[in-house]
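Here's the structure, in structure tokens; my notes come after.
Counting starts at 1 for both ligands and their atoms, following the listed order.
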Amino acid sequence: MIKFLDLQSQYNGLRGEIDAAIAGVIRDASFIGGPSVKEFEAAFATYQRAPHCVGVGNGTDALEIALEALELPPGSDILVPAFTFVATAEAVTRAGHRVVFADVDPSTYLLTPETLAAALTPRTRAIMVVHLYGQPCDMEALTRFAVAHDLRIIEDCAQAHGAESHGRRVGTIGEVGTFSFYPGKNLGAYGDGGAVVTGSEALARRIRMIANHGRVEKYDHVFEGRCSRLDALQAAILRVKLAHLEGWVERRRTVAELYRAGLAGVGDLVLPVEAKGARHVYHLFVVRTARREGLQRHLKASGVETGIHYPIALPKLQAYAHLGMAKAPFVAHRIDGEVLSLPMGEHLTDKEVESVVLAVRGYFSASR
Ligand SMILES: *Cc1c(COP(=O)(O)O)cnc(C)c1O
């Protein structure tokens, strides 16, 4: 069986360090805040080359808190890619704004100035930029668009720890960036976790206050916030794993090259591209084919786990039926029926990658 994701094998390789980190938090009974959260925030800020990092409860809260901290006029239109995980759009509504879907590019699956321009409304105030699958958007182009139309940029980096656009790490190219440490992400906790990064000290302070009941010290609540903190045990685990992240990213990039070499020109497969100026971190390796269901069945029978990210573009979800965009002529509405995620991660050996390649090739040569 070739696993899509293998968190057990990752733990087995780090068991001593992880167990010691967990034991340390319990020994000190510093469960909320404390040194493990502070140290992780500082280390993650350094890794992302971000001036400020605030740990929060999860990646969805991170998006919502980041948006709230921008203090946009209530009911603003916010551009959201039609093809992403639902949390990106949920945060907009939860923060009191209106979701306006923009289409994605058919080769990168990302927002572009062209897709944004087609969706722009007079009340648009911000863009939720999603670095989907670990591929960074072209932030130079998107920044130019945002400046021209006076829009703020929130970067959803939940799938893109360590990704770079034109040599800059994602997260602080826009005004604020959000991360998820959901277990299956490239940097994953042993439960929920998230973070917000920003270059602005004032924004960082506001984000920290929103996430912690609107306060600075213990009982001086300046406004009503909420409770969304990065758990100290998770921070201790993440601190251990962060030291290995660069190596894991490099391995993912190597696996992607092996897939690309092995799968070029096979059937009607469309392979992921690495856009110019982009450092893709391959959270997912997503191929496209008109014969997805057959390929997925064949791979399952061959012992290869796969996933679909995502089977229904957001405008078609019942949750967004009220927007009336389900029939918009979007690329997103076609590719959701074609995308298939192959196993990806540092757990894969060259031999396993080769087996996946052979299984995929086998499907297309047998059923031509
Ligand atoms: C995982 C993910 C989120 C949400 O993160 P959680 O930690 O699960 O709340 C948001 N946006 C994208 C693009 C994601 O992949």
Side-chain angles (χ1 to χ4, degrees), residues 4-5 7 40 44 53-68 78-95 99 101-102 104 108-111 126-137 139 142 153-163 165 170-171 174 176-197 207 210-211 226-231 233-235 237-238 241 252 272 280-286 307-314 317 319-320 332 335-336 339 341 344-345:
F4 187 73
L5 175 74
L7 296 176
F40 173 71
F44 192 65
C53 171
V54 181
V56 297
N58 56 68
T60 307
D61 283 3
L63 285 163
E64 207 177 307
I65 292 167
L67 250 177
E68 191 180 332
I78 314 281
L79 299 177
V80 177
F83 200 57
T84 174
F85 181 58
V86 69
T88 320
E90 272 178 328
V92 169
T93 312
R94 292 264 158 201
V99 171
F101 288 118
V104 294
T108 60
Y109 316 124
L110 303 174
L111 292 176
I127 312 168
M128 306 298 277
V129 167
V130 182
H131 306 299
L132 196 71
Y133 304 152
Q135 168 112 279
C137 294
M139 291 306 292
L142 295 194
I153 291 182
I154 296 115
E155 293 178 72
D156 182 344
C157 313
Q159 304 186 359
H161 319 69
S165 175
V170 296
V176 59
T178 66
F179 290 84
S180 165
F181 305 121
Y182 181 83
K185 299 290 159 88
N186 284 15
L187 178 62
Y190 288 178
D192 280 311
V196 186
V197 301
I207 286 161
I210 293 171
R226 55 191 287 180
C227 180
S228 180
R229 298 176 293 231
L230 178 59
D231 185 274
L233 281 170
Q234 302 305 340
I237 292 160
L238 288 166
K241 291 178 70 168
R252 283 174 182 272
H280 195 324
V281 294
Y282 296 98
H283 172 56
L284 296 168
F285 190 92
V286 177
I308 296 176
H309 306 86
Y310 297 91
I312 309 176
L314 299 192
L317 292 175
Y320 297 105
I335 61 176
D336 61 359
V339 288
S341 310
M344 172 48 86

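Atom NZ of Lys185 sits about 5.5 Å away from atom NE2 of His283, to the nearest 0.5 Å. Separating the CZ atom in Phe285 from the CZ atom in Phe4 is a distance of 12.0 Å, to the nearest 0.5 Å. Rounding to the nearest 0.5 Å gives a distance of 12.0 Å between CZ of Arg229 and CG of Asp61. Expressed to the nearest 0.5 Å, how far CD1 of Ile154 lies from CE of Met128 amounts to 5.0 Å.
In terms of polar-atom proximity, Ser180 is counted as a contact of ligand 1, with an N or O under 3.5 Å from an N or O of the ligand. On a distance-only criterion, Gly59 and ligand 1 share at least one N/O pair closer than 3.5 Å.
Of the options Phe181, Tyr182, Tyr133, the smallest heavy-atom separation from atom 8 (O) of ligand 1 is shown by Tyr182. Comparing Pro81, Ala87, Ala195, Ala189 by heavy-atom distance to atom 10 (C) of ligand 1, the nearest is Ala87. Considering only non-hydrogen atoms, atom 3 (C) of ligand 1 lies nearest to Lys185 out of Lys185, Gln159, His309, His283. Taking each of Thr60, Val56, Thr84, Leu132 in turn, the one with a heavy atom nearest to atom 9 (O) of ligand 1 proves to be Thr60.
Distances below 4.0 Å separate heavy atoms of Ala158 from the following atoms of ligand 1: 2 (C), 3 (C), 10 (C), 11 (N), 12 (C), 14 (C), 15 (O).
At distances below 3.5 Å, at least one donor-acceptor pair connects side-chain atoms of Thr88 with backbone N or O atoms of Phe85.
With a 4.0 Å heavy-atom cut-off, ligand 1 is reached by the side chain of Asp156 but not by its N, CA, C or O.
No donor-acceptor contact under 3.5 angstrom links the side chains of His131 and Gln159, judged on distance only.
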